[in-house]
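Supplied in structure tokens, the structure appears directly below.
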Amino acid sequence: MDKRLYNICLLGLSFTFLFAAYQSMGNIEKTLLRSVQHDYPSFTGDGYTSLSISYFVFGFANWVSPSVVNFTGCKIAMIIGAICYTMFLVSFLWLSSFLLYLMSAVQGFGAAILWTAQGTYLTLNSDSSTMSRNTGVFWMISNMSMLLGNAFVSYALRDKDDFDKSTRTFIYTVLIAVSVFGTLLFLLLRSPVSSEGTVNERVETISFIQQIKDTKSLFLTKDMRLLNISFFFTGLHMSFYASVYSSSIGFTKRMGSNSKQLVAVSGLFIGIGEILGGLIFSILGQKTFENNIISKGLSHSAVIALGFIVNIVAYGLIFINLPNDSPFGDTTAKSFINPNQYLAILCSFLLGFGDSCFNTQLYNIVGLKYSENSAPPMALFNFMQSIAAALSFYYSNYFGIQIQLILLMVSLTMATLTFFKVEESTDKRYYEAI
């Protein structure tokens, strides 16, 4: 294995363990905290509010995260970010509304640093011929986290119809230990390597104020304004599949007596969809060069078109399968059909696969267009995505699932069309360059 691919694999493995802990908690947070409220009526912490705070801070922290990454380097920045994630999980051992929301903000700040550094590290270890492969490999490995974490939660909930106190404590303890292990793995990361095999740090030595100005200028460019629409959609989609959808399944009593266990099963199949997408696009998205002839894999626009179809199908099936009030709490209502757990889990898979279609291609397009200084565009990607997620988690306490799905369909359509426009200009410049 070459050094650059080794770096990408180790990066993906570090994210696997860190997010096996964090994503599993995010997936069950709404339903788990509702159980806490049943046992302790004085506790008023809410899962959607916690996640909204996290992503709100995440969004605005992205305006300073490029400066932090440039100052500390990718490795140290990712370690700092991972520690913030672990602190958030530790706070569940001493649950209070104030501590929950404070640590949600800390985690959001750490997320901005972590993901900006991740995008920069991925770009520094890639070039135009390996960006698709490396993005797919990272996405495939890192999303194994959803299999590991949700398989554990499903095991912890076996033969249970709710999160009792002993089960909650068991889940907290294991997830914290997994998060600590993932944080330690970041210590093993090596410096980025160029295609010639030399160290490829390329740290920008510009002032904090200048970094903010450069990021703002980039934010206002034509291509970035178009990409922002796609970034925004991925945030709405992520918040929906990462917590709202799985929680809605758990609250739908007509799913059966095992509806709470289905929360983890849903997360498991979302992960399978994410991994399958990463595997397919890492193989079909490669570009090879032989005898001065370009052999291009599956185009970015083709993958986005596939993601559009998959997501539209998923949204339509969810619209008819889940009751409108399912995001809010336990419900015995039925939708257009009697809620079916097999259909619900199929939609979980489709949501994960559709998310993979969009995110892998957005990473590719950003890496190709802004390879010389990738920290600012990665920060803007994270900014738009997290602000959208914060907004989605906020309105999830007020909007039924049908309105949420309509908003997703509209934003998906806009994101697809604007991505086509950006890729058209990117491909034109790419072929002119070679």
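Keep in mind the model is a prediction, meaning the values are calculated, not measured.
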Within-4.5 Å side-chain heavy-atom neighbours: P327 and L322: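 Result no, sub-4.5 Å side-chain heavy-atom pair not found.
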Candidate pair F308 and F358, rule ring pair (Phe, Tyr, Trp, His ring centres under 6.0 Å), full reasoning: CA-CA 9 Å; F308 174 84; F358 270 82; 8.3 Å; no
Under 3.5 Å donor-acceptor, S52 side chain and A390 backbone: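 Side chain of S52 to backbone of A390, a donor-acceptor pair under 3.5 Å: yes, one is there.
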Whether F88 and F92 hold their rings parallel, tilted or perpendicular, with breakpoints at 30° and 60°: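 Judged by the thresholds at 30° and 60°, the geometry between F88 and F92 is perpendicular.
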Heavy-atom neighbours of Y394 OH exceed 12 at 6.0 Å: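 Incorrect, the count does not exceed 12.
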Test: D46 and K30 ion pair at under 4.0 Å: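 Looking at D46 and K30, the cut-off is met.
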Contact summary for S65 and T116, nearest pair of heavy atoms: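 The pair with the smallest heavy-atom distance is OG-OG1, 2.9 Å.
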F328 versus N324, closest heavy-atom pair with distance: CE1-O, 4.5 Å
H237 side-chain N/O to G354 backbone N/O, donor-acceptor pair under 3.5 Å: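 No; judged by distance alone, with no hydrogens or angles, the pair does not exist.
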Verdict with reasoning, N134 to R4, per side chain to side chain donor-acceptor pair (under 3.5 Å): CA-CA 9 Å; N134 288 350; R4 307 179 89 190; over 6 Å; no
Q385 vs F233 side-chain heavy atoms within contact, under 4.5 Å: no
V153 to S24 - nearest heavy-atom pair and separation: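 Scanning both residues completely, I find the closest heavy atoms to be CG2-CB, 4.2 Å.
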Working for side-chain contact (heavy atoms from CB on, under 4.5 Å), residues S266 and Y245: CA-CA 9 Å; S266 171; Y245 179 62; 4.0 Å; yes
Side chain to side chain, M224 and F231, heavy atoms closer than 4.5 Å: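 Counting from C-beta outward, M224 and F231 do come under 4.5 Å.
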Spacing of S246 atom OG and Y241 atom OH [to the nearest 0.5 Å]: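 Output value for this atom pair is 10.5 Å.
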Point-to-point distance, once rounded to the nearest 0.5 Å, from SG of C84 to CZ of F58: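 That separation rounds to 12.0 Å.
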Flag side-chain contact, heavy atom, 4.5 Å: Y22 against L175: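 Not touching, per the 4.5 Å side-chain cut-off.
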Residue pair W63, F219: steps toward the ring pair (Phe, Tyr, Trp, His ring centres under 6.0 Å) verdict: CA-CA 11 Å; W63 287 91; F219 184 75; 5.8 Å; yes
Residues S392 and Q404: side-chain donor-acceptor under 3.5 angstrom: no
F15 and W115: CA distance, side-chain angles, deciding distance, ring pair (Phe, Tyr, Trp, His ring centres under 6.0 Å) verdict: CA-CA 10 Å; F15 271 73; W115 283 103; 5.0 Å; yes
CE (M414) with more than 12 external heavy atoms under 6.0 Å: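 For M414, atom CE is not crowded (no more than 12 foreign heavy atoms under 6.0 Å).
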More than 12 heavy atoms from other groups under 6.0 Å of CE on M238: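 Yes.
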CA sep, side-chain torsions, deciding dist, call: S50, S104, side chain to side chain donor-acceptor pair (under 3.5 Å): CA-CA 6 Å; S50 165; S104 296; 2.7 Å; yes
Spacing of F186 atom CZ and L11 atom CG [to the nearest 0.5 Å]: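 So the CZ of F186 and the CG of L11 are separated by 6.5 Å.
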Minimum side-chain heavy-atom gap Y48-S243 below 4.5 Å: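 Counting from C-beta outward, Y48 and S243 do come under 4.5 Å.
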4.5 Å side-chain heavy-atom contact, I171 and F152: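 Of all side-chain heavy-atom pairs linking F152 with I171, at least one is under 4.5 Å.
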Shortest non-hydrogen contact from V263 toward G250: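 Closest approach of V263 to G250, heavy atoms only: CG2-CA, 3.5 Å.
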Verdict with reasoning, Y363 to F381, per ring pair (Phe, Tyr, Trp, His ring centres under 6.0 Å): CA-CA 9 Å; Y363 271 110; F381 183 175; 5.4 Å; yes
Test item: E274 and M146 side chains (from C-beta on) under 4.5 Å apart, heavy atoms: yes
Any side-chain donor near an acceptor of the partner, T183 and T86, under 3.5 Å: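 The answer is yes; a qualifying pair exists.
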H300 and E423: side chain donor to acceptor below 3.5 Å: no
Closest approach of F17 to V178 (non-hydrogen atoms, all atoms of both residues):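 Here F17 and V178 meet closest at O-CG1, 3.2 Å.
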T331 versus D325, side-chain donor and acceptor atoms under 3.5 Å: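 Side chains of D325 and T331: pair found under 3.5 Å.
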Minimum side-chain heavy-atom gap P323-P339 below 4.5 Å: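 In short, these two side chains touch, coming nearer than 4.5 Å.
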Heavy-atom closest pair, residues L114 and A82: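 Heavy-atom minimum between the residues: CD1-N, 4.3 Å.
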Rounded distance (nearest 0.5 Å) linking atom CG of N143 with atom CG of D355: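 Those atoms lie 7.5 Å apart.
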